[in-house]
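Quick notes on the structure that follows.
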Amino acid sequence: MPRTAPTRTALRICPLCEATCGLTLTIEGTRVTGARGDREDVFSKGFICPKGASFGELDADPDRLRAPLVRENGELREATWDEAFDLVAARIRPLIEEHGPNAVGVILGNPNVHTMAGALYPPVLLTLLRTRNLFTASTLDQMPKHVSSGLLFGSAVAIPVPDLDRTDHLLLLGANPLDSNGSLCTAADFPSKLKALRKRGGTLTVVDPRRTRTAQLADRHVAIRPGTDALLLAAIAAVLFEEKLTDLGALEAHVEQVAEVQEAVREFTPEAVAAACDMDAEEIRTIARELAAAPTAAVYGRVGSSTVEYGTLTNWLVDVLNVITGNLDRPGGALFPLSATDRAPRPAAPGKGFALGRWASRVSGHPEAKGELPMAALAEEIDTPGDGRIRAVISIAANPVLSAPDGDRLDRALAGLDFMVSVDPYLNETSRHADVVLPPPPPSQSSHFDFAFNAFAVRNQARYTPAVVPLEEGRMGECEIQARLVLAVGGMHGAEPSAVDDMVIENTLTKEGAPKELAEQLTGRTGPERRLDMMLRLGPYDLTLDKLLENPHGVDLGPLQPRIPQILRTRSGRIELLPDPIAADLPRLRRALAERPTALVLVGRRHLRSNNSWMHNVATLNGGSNRCTLQIHPADAARLGLEDGAPARITAEGGQVEAPVEITDAVRTGVVSLPHGWGHDRPGTRMSVAAARPGVNVNQLLDGSRLDPLSGTAVLNGFPVELSPVR
Ligand SMILES: Nc1nc2c(c(=O)[nH]1)N[C@H]1C(S)=C(S)[C@@H](COP(=O)(O)OP(=O)(O)OC[C@H]3O[C@@H](n4cnc5c(=O)[nH]c(N)nc54)[C@H](O)[C@@H]3O)O[C@H]1N2
Ligand SMILES: Nc1nc2c(c(=O)[nH]1)N[C@H]1C(S)=C(S)[C@@H](COP(=O)(O)OP(=O)(O)OC[C@H]3O[C@@H](n4cnc5c(=O)[nH]c(N)nc54)[C@H](O)[C@@H]3O)O[C@H]1N2
Ligand code: SF4
Ligand SMILES: [Mo]
C-alpha cells in the first residue's frame, strides 16, 4: 500500500476571473496542492495570476459548506439533500400558487458566469417560473453595455471586443485589466498584450481618475473627473465630425443616422466639456486626432464607464466612436467574437430590435432592461408592503448584501422574507438569511466550459476540462443542484434531474429544426455534457464534445472575423446609430455641461488578489496591499486634516462608514477610492478568515436611488462623499 497518496497533474480552466486561464493542477490523492499555468493551453499559453496560483487553498477552504443547511426553529442545521429539496418544494410552491410567480424574486450573482451550472439552468428556471422579479449582478456592472448593444445592433449580447492582438491604438476608459485581468474582453495575459501593443509601435491611452498599474503602462494617462466620460467621448465625436476625420469605411452601407449623431454631439465641443471633465480642451482634440490617425484603433470602456451616472450614454458613445472611425467590425478594431456555442450564423435579416421597459418595477417604476429590474431596487420590492411584493427569494451565487447599494436595508428585507433558498458554497452576509442553503462542490470537483466568456474572447477558441477530482462522498454537483432546484420550483419535485436536460435538448432541437436523431448521437456522461455536445454540434464550427476531450489544451478557432451585417438584428437590419431612448437621454448629459462638480467623489478599485466579496477568506489572498483603505490624494488629506493610517469617517446619502486613510498621489485630487466586497462583520456568517479582517462595506454609502436611468444600473462610481477625521 502506498504510504502517501499518488501525485498527478490535471488540467482545469480557472473559474476565478474572466481571463479563463488554463491551469495545470498538482493533485495529491483528492487534494489540489499546486497550480501553474498550462503552457500548452491554446488561449492562455501558461499565464497565471496569484488567484489562480491559490486555486488549491481556495478549493480546500475549510469554511466551505459540505452539506445542505435547513432552518429549524430559527437555526440553520445540516440536512440531507432530500430534506433540503423537499423543503424548497414544500415552501415555494404554495407561495407561487397563492400569490403568483412574481412573489418569487430571483437573484443571480457573478459566479454564475463562471460555472457550467450557472449557464445551463437559470434560463430554464426563469422560463418555468415566469417571474418579472429578476435581479442580477448585471445592474451593478455591464447592463449599460447590453442596452447600448441592444439599441445599436438589435442584440443585447452582441458586444464588440477590442482586437488586442492586432490593434494599433487602444483608448481604454474605466478599466484596470492589470488588476482585474480584463472584463468583457477575455484575454489571458492582458499585461503582455498591452506591452506587445506598444512594442509593435501602437499606442495606449488610459482614462482613469486613478494612476492604476494599467495607466502606468500607457503612452497617455488622463485623470478624468469621475462620471464625465460621456462628455469626453461626445467631445471626441464632435471633433471628429468638425474636423472631417470620420471614415466609416466598409460600414458605410450598414449604418444609419450618422448625420443625426453629428447634430446631437455638436454642442459638446472640447471647450464646452473641458471644465466638467477637468481636462484640457486641446488634449481632447489631440486624443480625437490620434484616434482618427491610427491605422486601426479600438475604444473600450468597462466598469468605470458603466456603473456611473451616464452609463448607457457612455457605452453607446464608445461604439459610436468605433463606428465613425470605421473601426467597428474590422481587424485591429473592435469585433464581435463567434464562440463555439453561439448559434451558427444565420443570413442577414431585419430582426425584432430591442425593447426596453416592457414592464416596470412595482415600487419605483424602474423600467426592465433585458428582462431584469435594478438590483438597487431589490430591497424595496421585498420590504414595501402591498400586492405583488416579493415574498420568497431564490439566490444563486449572489451576495447583494455586500455588492449592492444599502446592504443594511437589504439585510433586513431578506430577514423578513417568507422563504429564501441560496445556492452558495459559503454561509455569508446574504446566504445567512436563507432557510435552505445548497452548497455546490469546490471547483476541482466540477467540470468547466466557458459558455459566457468565450463569447467575449479576443480569439475564438474552445476548451473543456472535466472535473479533476471525483465528487466527495455526500456532495452533489452544482448542475444537479440547480436542476433539482428547477424541478422543485417548477412543480416537478422528485423527477430525475436529467429530465431537465432532456427537455432542453428536445425543445432546442425542435426550435432549431435539427434532425431528431441528433438527440441519440449526443455523447457525454451527464446531462450537462450532452447539452454542451448539442450546442457544439449546432454551433458554427465543426466541433463535438469528443473533439474537445481529445484536445485537452483547447481548440484554437482563429482570430476574430468581421460579422456585419449578419450579426445585426435591428428592425432596419442596419446599425441604428441614434436610437430613440438614447436621444431622449441626451438632454440629461447636456445639463451636465452646466453643473458645478462636487468637491469630493468616491470611486472603487480592484486588487489583483481579490474578487468581489467572496475571496477574502483565503489567507494567502487577504493581506499585504489588499486592504480596505480609503485612498486619498495628499493635498485633499492635508486640506481635510486626515492622517495616513488613521481612520476617516466617510459620509454619503446612504450612510456612514469608517476606514483607514491611505495617502497616495495615485488618485487625483477631488477623488477618493474605497474597494467593494468588504464588510465581513455581520453575525451568523461562517467565513473565519474574512471576519478577522472585515473591512467596511462601501455600498452602505449608497441608498439605491442613484441609477443610470436607461439600464437601471447602480451608480457605484463617482458619487459625492464627505470626509472627516475620526478622533
Ligand atoms: N461599490 C461597488 N460595488 C460593486 C462593484 C464595484 O465595482 N463597486 N462591482 C460590481 C460587480 S462588477 C459585480 S459583478 C458584483 C458582484 O456581485 P455578486 O455576484 O453579488 O458578488 P460576488 O462577490 O461575486 O459573489 C457572489 C456569491 O457567489 C458565491 N460563489 C462563489 N463561487 C460559487 C460557485 O461556484 N457556485 C455558486 N453557486 N456560488 C458561488 C460566493 O460565495 C458569493 O456568495 O458586485 C458589484 N458591486
Ligand atoms: N482582481 C480582481 N479581478 C476581478 C474582479 C475583482 O474584484 N478583483 N472582479 C471581476 C469583475 S466582476 C469585473 S466586472 C471586472 C471589472 O474589470 P475592470 O472594469 O477592469 O475593473 P476595475 O478594476 O474596477 O476598473 C475600473 C476602473 O475605473 C476607474 N474609474 C472609476 N470611475 C471612473 C470614471 O468615472 N471614469 C473613468 N474613466 N474611470 C473610472 C477606477 O479607478 C478603476 O481603475 O473585474 C473582474 N476581475
Ligand atoms: S488571471 Fe483570472 S483566470 Fe487567470 S489565473 Fe488569474 S484568476 Fe485565474
Ligand atoms: Mo462584474
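Quantities reported herein were computed from a predicted structural model and do not represent experimental measurements. Counting convention: from 1, in listed order, for ligands and their atoms alike. The first residue of the sequence shown is numbered 1, and numbering continues consecutively from there.
- For G677, the heavy-atom gap to ligand 1 stays at 4.0 angstrom or more.
- Residue-ligand proximity, N428 to ligand 1, at heavy-atom distances under 4.0 Å covers atoms 42 (O), 43 (C), 44 (O).
- Comparing heavy-atom distances from atom 44 (O) of ligand 1 across N697, L140, D424 singles out D424 as nearest.
- For E722, the CD atom counts as loosely surrounded, since its 6.0 Å shell holds 12 or fewer non-hydrogen atoms of other residues, nucleotides or ligands.
- Ionic pairing of D189 and K45 is not present here: no N-O contact between side-chain nitrogen and carboxylate oxygen is shorter than 4.0 angstrom.
- For ligand 1, the atoms lying closer than 4.0 Å to a non-hydrogen atom of P440 are 36 (N), 37 (C), 38 (N).
- Here the protein heavy atom with the shortest distance to atom 2 (Fe) of ligand 3 is C17 SG, 2.3 Å.
- Those atoms of ligand 1 with a heavy atom of Y426 less than 4.0 angstrom away are 42 (O).
- Residue H114 places no heavy atom under 4.0 Å from ligand 1.
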Which is it for R459 and D165 under the salt bridge (charged side-chain N to carboxylate O under 4.0 Å, His left out) test, yes or no, and what are the steps along the way?
CA-CA 9 Å; R459 198 172 166 94; D165 292 325; 5.5 Å; no
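- Within ligand 1, counting atoms from 1 as listed, the ones closer than 4.0 Å to a heavy atom of V423 are 37 (C), 38 (N), 39 (N).
- A donor-acceptor pair is defined here as one N or O able to donate and one able to accept, closer than 3.5 Å; such a pair exists between the side chain of S306 and the backbone of D141.
- Ligand 1 places these atoms under 4.0 Å from at least one heavy atom of N699: 1 (N), 2 (C), 3 (N).
- Looking at A137, G118, A397, it is A397 that brings a heavy atom closest to atom 27 (C) of ligand 1.
- Using a 4.0 Å cut-off to heavy atoms of P400, the atoms of ligand 1 that qualify are 20 (O).
- Given atom 1 (S) of ligand 3, the protein heavy atom at minimum distance is N181 ND2, 3.2 Å.
- Here atom 13 (C) of ligand 1 lies nearest to N612 when heavy atoms of L427, V698, N612 are compared.
- Nearest residue to atom 19 (O) of ligand 1 from N110, D141, V113 is N110 (criterion: closest heavy atom).
- Residue contact check for ligand 1: P111 places a non-hydrogen atom closer than 4.0 Å to it.
- Ring orientation note: the planes of W678 and H616 are close to parallel, at an angle under 30° on the 30°/60° scale.
- Salt bridge present: D411 and R432 bring a charged side-chain N and a carboxylate O closer than 4.0 Å.
- Heavy atoms of other residues, nucleotides or ligands lying less than 6.0 angstrom from CZ of R39 number 12 at most.
- In summary, C21 places no N/O/S atom under 2.8 Å from atom 6 (Fe) of ligand 3, failing the contact criterion.
- Scanning all heavy atoms of the two residues, the minimum distance from A137 to M375 falls at N-CE, 3.9 Å.
- Heavy-atom proximity to E478, at under 4.0 Å, picks out these atoms of ligand 1: 34 (C), 35 (O), 36 (N), 37 (C), 38 (N).
- Of all the atoms in ligand 1, the ones that sit under 4.0 Å from a non-hydrogen atom of G109 are 19 (O).
- A donor-acceptor pair shorter than 3.5 Å cannot be found between the side chains of T685 and H680.
- Contact of the S305 side chain with the Y300 side chain is not registered, since no non-hydrogen atoms from C-beta on lie closer than 4.5 Å.
- Looking at N611 against ligand 3, nothing comes within 4.0 Å, counting heavy atoms.
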